[in-house]
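Just below is one structure, and these are the notes that go with it.
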Amino acid sequence: MSKKRRTGDKLENDDGDAKGTAAVIASGVTASAIAASYNDQIRPVLDAVDRLRHLKVTQEGIQLPTIVVVVGDQSSGKSSVLESLAGISLPRGQGICTRVPLVMRLQGDPSADSPKLQLEYSNGRVVTTTEAKVADAINAATAEIAGSGKGISDAPITLVVRKRGVPDLTLVDLPGITRVPVQGQPEDIYDQIAKIIKEYITPKESIILNVLSATVDFPTCESIRMSQQVDRTGERTLAVVTKVDKAPEGLLEKVTMDDVHIGLGYVCVRNRVGEETYDQKRIEEARLFKNHTLLSKIDKSMVGIPVLAQRLMQIQATIIAKCLPDIVKQINDRLMRSSTELDQMPPDLINTGDAVRVFFHIVKKVCTSLEKILVRGEFGGYPDDCYFHGTARIAEMLNRYAKKLPTECPRCSDENFLTEEMRVLEETVGINLPNFLPRSAFHVMLKKKVEMVSQVPQDLVNEVWEYVEDLVMKILLQHSENFPQVQSSCRRAIQSLMEKTRARSAQHVKEMIEMELVADYTANPDYMKTWEAIMEDQKKFMDSVENKSNPSKITLKCFGEVDGTANRVQVLRLVDGLALHVLRGVKRLVENDLEDELGNELLGNNMAGVERMLSPPPSTGTKRDRLKKSIVLLQQSKEVVANIMDRISAADEA
């Protein structure tokens with residue numbers, strides 16, 4: 001009876017297995033139909049993105065979507081998940097199996113009679129391989145990149161898999177996270193791995209496929225901690241739970257409670273065991289989640305490699321639809337910047353005549369800029385940089401100069417008022433009427449006042465020309481940045497010109513001071529007005545003397561206070577005269593002297609200076625080539641995206 005029951009049980013189990021197998025086959029057929037329909041819609045988009053990636057448009061700073069980054073702690077089963085998705089065997093062994101980023105580009109091809117695999121690495125090297133030899137090929141490429149030891153590298157290997165039945169996905173397998181280095185690994189192995197992982201999972205366009213072993217507590221996984229650092233809400237993180245058959249207890253609660261905030265949900269899978277084929281593995285996986293007492297309670301939308309593949313493709317489709325408009329904008333912006341930058345590059349100069357024309361074009365632009373900011377007071381080219389507001393800065397210097405010059409008669413410090421004047425008067429005492437100031441005494445005092453301020457005008461012109469020289473140099477270097485080979489000559493020309501300008505100003509200041517020392521003459525209206533008022537009082541005094549009937553005492557209002565009119569006249573002359581000299585000097589420099597000096601320096605000596613312009617520096621040629629390649633790449637990328645956008649628009653209209 002017991003034997004019959006066991007037989008019956010076996011028959012019942014066999015029947016269940018057959019039904020399970022049939023269900024898997026039926027599910028596979030349905031999945032294939034769904035995948036075919038899905039690939040018809042999304043495959044062109046994926047191909048377009050893959051084409052952009054192949055063009056290396058990311059080197060232009062343009063982020064591409066649809067990269068699924070696979071992360072997990074060491075021995076969490078990452079490689080097994082990728083093997084199940086791709087249907088190929090990857091390197092296995094103890095310790096870190098993945099030592100470099102492995103970019104897997106899976107391309108489903110229903111018409112493929114046999115799988116086609118190739119590796120791409122080390123700046124364009126391509127190695128064709130087979131399913132049987134792909135693991136060895138990956139190991140050989142890894143050893144070439146990262147060495148034959150246990151070290152890692154951030155240089156990626158791309159594995160292109162084109163075969164029937166695989167989903168259209170691009171995944172990046174990264175080294176498993178380990179904290180403790182083993183023999184042969186560097187002490188900072190954790191930091192190296194963490195740096196690589198964060199580089200791939202940080203871009204908002206990437207999807208994080210976090211592989212977790214069912215045998216551990218999810219919150220303790222280092223991969224969870226890393227993904228939460230860049231994706232706190234989990235909106236772009238999908239978790240794959242492996243080794244479910246080894247720890248089924250409590251798994252349902254783990255994936256439904258979601259203590260670690262996995263925004264895109266969980267998918268539980270069974271690892272391939274031993275020498276199982278991938279078809280056998282798929283059947284056993286379906287049987288496990290159907291018949292196991294605990295695992296069968298997990299919702300069918302959360303179990304199995306087929307579910308994982310479909311979820312990933314759906315996520316890719318959503319991300320692509322979201323990112324394509326932004327990619328178009330990035331490509332257009334970058335293309336415009338590169339084209340503008342290329343247009344601003346110096347032209348190719350064929351002969352000396354070309355060089356002379358370009359040189360005078362540069363000089364004209366420099367003089368025009370300087371005329372705007374130093375003469376006309378226009379600073380539209382530098383609205384936020386006050387240093388380049390030339391007329392305002394020079395006016396500030398003149399105002400400080402005018403305030404520094406005394407507005408009243410200066411006297412030596414620590415002396416009482418009129419002490420110096422009294423001393424001069426005492427020295428002019430002679431056999432004559434007292435309290436009458438001789439003209440010679442007045443001239444002595446006036447001369448001393450002038451000598452006391454004689455250095456102030458010289459300080460002003462030094463300050464002005466130092467500023468003007470620096471400004472001219474900055475503007476010239478800015479306009480000649482494409483020809484650094486002539487900038488040293490231009491610098492010499494400017495220095496020579498400014499030495500001449502300073503010498504002229506020094507001579508002018510010297511002559512101004514000498515003229516003030518020659519005589520005490522002025523026709524200044526203020527002085528003449530004061531003099532006329534004094535003469536009016538003189539008339540009253542003389543009338544009082546000649547008319548005996550008038551009072552013997554009179555009041556002369558002009559002598560009621562001390563006035564430094566004579567000295568103030570000199571101050572005004574020194575301020576106004578020097579201001580006009582500075583303005584004339586600036587105008588002369590901008591309109592005539594600068595062009596002449598630069599021309600003499602670069603066109604002299606049989607035009608040796610401009611001939612250097614015919615030999616551009618290597619950096620200029622390198623930059624021009626880089627920009628041309630960038631423009632070609634971006635134009636190709638723009639065409640790729642435009643074609644796919646047209647197809648999407650046509651599909652929407654249909």
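In this text the structure is predicted, and so the values were computed from the model without any measurement. Residues take their numbers from the sequence shown, with the count starting at 1.
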Distance in Å, Asp231 CG paired with Thr202 OG1, rounded so as to fall on 0.5 Å steps: 10.5 Å

Test item: Ile62 and Leu634 side chains (from C-beta on) under 4.5 Å apart, heavy atoms: yes

Glu396 atom CD, over 12 foreign heavy atoms within 6.0 Å: yes

Minimum side-chain heavy-atom gap Val375-Leu370 below 4.5 Å: no

CZ (Arg491) with more than 12 external heavy atoms under 6.0 Å: no

Non-hydrogen atoms of Ile138 and Ile157 that approach each other most closely: O-CD1, 4.2 Å

Exceeds 12 heavy-atom contacts within 6.0 angstrom, atom NZ of Lys365: yes

Crowding at CZ, Arg232 (>12 non-hydrogen neighbours, <6.0 Å): no

Main-chain N/O of Lys364 paired with His479 side-chain donor or acceptor, under 3.5 Å: no

Taking every non-hydrogen atom, the tightest pair across Tyr401 and Val575: CE2-CA, 3.7 Å

Minimal non-hydrogen separation, Ser153 against Ile145, with atom names: OG-CG2, 3.5 Å

Qualifying residues under side-chain contact (heavy atoms from CB on, under 4.5 Å), relative to Gln635, sequence neighbours excluded: Leu335, Ile631

pair Ile327-Val57: side-chain heavy atoms closer than 4.5 Å: no

Flag side-chain contact, heavy atom, 4.5 Å: Pro457 against Met512: no

Polar contact flag, side-chain donor to acceptor under 3.5 angstrom, Asn462-Gln458: yes

Where Leu119 and Ala141 come nearest, the two heavy atoms and their spacing: CD1-CB, 4.4 Å

From Gln487 atom CD to Leu476 atom CG, the distance as rounded to the nearest 0.5 Å: 7.0 Å

Non-hydrogen atoms of Arg624 and Leu342 that approach each other most closely: CG-CD1, 3.9 Å

Intermediate values then yes/no, side chain to side chain contact (heavy atoms under 4.5 Å, CB included), Ile362 and Leu598: CA-CA 11 Å; Ile362 293 173; Leu598 289 171; over 6 Å; no

Short side-chain donor-acceptor distance under 3.5 Å, Arg337 and Thr340: no

Test item: Cys490 and Phe483 side chains (from C-beta on) under 4.5 Å apart, heavy atoms: no

Side-chain heavy-atom pair Cys386, His389 within 4.5 angstrom cut-off: yes

Qualifying residue for salt bridge (charged side-chain N to carboxylate O under 4.0 Å, His left out) with Arg502, from Glu463, Glu466, Glu469: Glu469

Steps toward salt bridge (charged side-chain N to carboxylate O under 4.0 Å, His left out) verdict (Arg504, Asp593): CA-CA 13 Å; Arg504 281 198 301 268; Asp593 294 352; 3.3 Å; yes

Test item: Glu597 and Ile494 side chains (from C-beta on) under 4.5 Å apart, heavy atoms: no

Trace of the salt bridge (charged side-chain N to carboxylate O under 4.0 Å, His left out) decision for Arg357 with Asp354: CA-CA 5 Å; Arg357 282 191 294 272; Asp354 291 341; 2.3 Å; yes

Lys372 NZ to Ser369 OG distance, which is reported to the nearest 0.5 Å: 6.5 Å

Note: Asp326-Lys329 ion pair, threshold 4.0 Å (strictly below): no

Test item: Arg393 side-chain N/O and Val468 main-chain N/O as donor-acceptor pair under 3.5 Å: no

Atom CZ of Arg400: over 12 foreign heavy atoms under 6.0 Å: yes

Min side-chain heavy-atom separation Gln330-Glu60 under 4.5 Å: no

From CA spacing to verdict: side chain to side chain contact (heavy atoms under 4.5 Å, CB included), Leu159, Tyr121: CA-CA 9 Å; Leu159 172 62; Tyr121 61 99; over 6 Å; no

Backbone of Ile207 reached by a side-chain donor or acceptor of Arg236 within 3.5 Å: no

Shortest non-hydrogen separation from Leu374 to Thr391 and the atoms involved: O-CG2, 3.4 Å

Side-chain (Arg376) to main-chain (Glu371) donor-acceptor, under 3.5 angstrom: no

OH (Tyr467) with more than 12 external heavy atoms under 6.0 Å: yes

From CA spacing to verdict: side chain to side chain contact (heavy atoms under 4.5 Å, CB included), Tyr387, Asp470: CA-CA 10 Å; Tyr387 187 79; Asp470 187 59; 2.4 Å; yes

Over 12 non-hydrogen atoms of neighbours within 6.0 angstrom of CD in Gln507: yes

